[in-house]
There are 2 protein chains.
Amino acid sequence: MASRLRKAGLRPTRQRLALSSLLFGQGDRHVTAEALHCEAQAAGIELSLATVYNTLHQFTGAGMLRQVTVGGDKAYFDTNTGDHHHFYVDAEQRLIDIPGEKVEVLGLPTPPAGSEVERVDVIVRIKSR
Amino acid sequence: MASRLRKAGLRPTRQRLALSSLLFGQGDRHVTAEALHCEAQAAGIELSLATVYNTLHQFTGAGMLRQVTVGGDKAYFDTNTGDHHHFYVDAEQRLIDIPGEKVEVLGLPTPPAGSEVERVDVIVRIKSR
DNA sequence: CAATACCTTAGAATGATTCTAAACTGAGAA
DNA sequence: TTCTCAGTTTAGAATCATTCTAAGGTATTG
Ligand SMILES: [Mn+2]
Ligand SMILES: [Mn+2]
Ligand SMILES: [Zn+2]
Ligand SMILES: [Zn+2]
């Protein structure tokens, strides 16, 4: 756990270890800064919201998280950094993973000259019927 | 021009007519509220930023615009309401349309029971090489 | 233990967006 | 035309996610 942080050039502090455990201790997750902060508080871990933001960004920079943009007001951080896509449940502001292997995006035009594709995000917005 | 607004249940006020003309007078556009407000000012049209927000949302509700979410801090409004996708140039925070007919997204799983697909958004994030 | 670079954090600041409440105006009625 | 009122605009305050600042705390190494 601590070694993972060290490898990313981050000291294994109490706060980072606690957040790591919350983030990576279970299966894949999609969290907001505020939600993760609440969860930490509930678990008896004292840390500031600023530290949660700092940590989420540092983890993202280190490739341990990836940020997912769906609109709404808050930013989501995804513990699944592999190639995959998302359902977005508008009513609940919740993300559901779609495995990347099964999905194929065909017919995309060549990106403008001098630029290259960094990532292709597919967001399937769903609503209750 | 005014009839289009009336059909949407909106009075053709000076402000709405001016914004309509800026938005729909040229080809397809992707604008932020702030950018559209500046453009209006530059054209000698006096209106508040609040009115620009109100109008963008009303037009969106009427199906004349659609909102595109790419992250970043600002919301983009798209005059192209047809089926299409986007390149997003991170460095310039600029959107480029990708015609929808050519693109096909294959292999998407069935949405969760009781829900249905509202829209599928493909965002191709590009960076300069 | 000392030195130091790295971390955390309270609280202020930022910035996009929304809200409030008061003034204004388009359009139908009289 | 003038009246009336629901619909509209807007200045300014409020909201709220996120970032910043600066001051104190801590992991690491020798
Ligand atoms: Mn467009
Ligand atoms: Mn914001
Ligand atoms: Zn995911
Ligand atoms: Zn578009």
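Computed from a prediction, not measured in an experiment: that's the story for all the values here. Chain A is the first sequence line, chain B the second, and so forth, proteins listed ahead of strands; every chain is numbered from 1.
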| query | With no hydrogens and no angle check, is any side-chain donor or acceptor of A:H37 less than 3.5 Å from a backbone partner on A:T32? | reply | no
| Gap separating the CZ atom of A:F24 from the CZ atom of A:F59, nearest 0.5 angstrom | 5.5 Å
Does [X] make a side-chain N or O approach to OP1 or OP2 of [N] shorter than 4.0 Å?
X: B:R16; N: D:dT9; result: yes
X: A:T13; N: C:dT8; result: yes
X: A:T51; N: C:dT9; result: yes
X: A:S48; N: C:dT9; result: yes
X: B:H57; N: C:dT18; result: yes

Roughly, in whole Å, what's the span from [atom1] in [X] to [atom2] in [N]?
X: A:D73; N: D:dA14; atom1: CG; atom2: P; value: 21 Å
X: A:R6; N: C:dC6; atom1: CZ; atom2: C1'; value: 13 Å
X: A:L47; N: D:dT26; atom1: CG; atom2: P; value: 14 Å
X: A:E34; N: D:dT19; atom1: CD; atom2: P; value: 14 Å
X: B:Y53; N: D:dT15; atom1: OH; atom2: C1'; value: 13 Å

| said: Below 30° counts as parallel, above 60° as perpendicular, anything between as tilted: where do the rings of B:H30 and B:H84 land? | reply: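 B:H30 and B:H84: tilted rings.
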| said: Is it true that B:D97 and B:H86 share a donor-acceptor pair across their side chains at a distance under 3.5 Å? | reply: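 Yes, because at least one side-chain N or O of B:H86 sits under 3.5 Å from a partner of the opposite role on B:D97.
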| B:N54 or B:R14, whichever maps to the more 5' nucleotide of DNA chain C |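 First, find each residue's nearest nucleotide; the 5'-ward one identifies B:N54.
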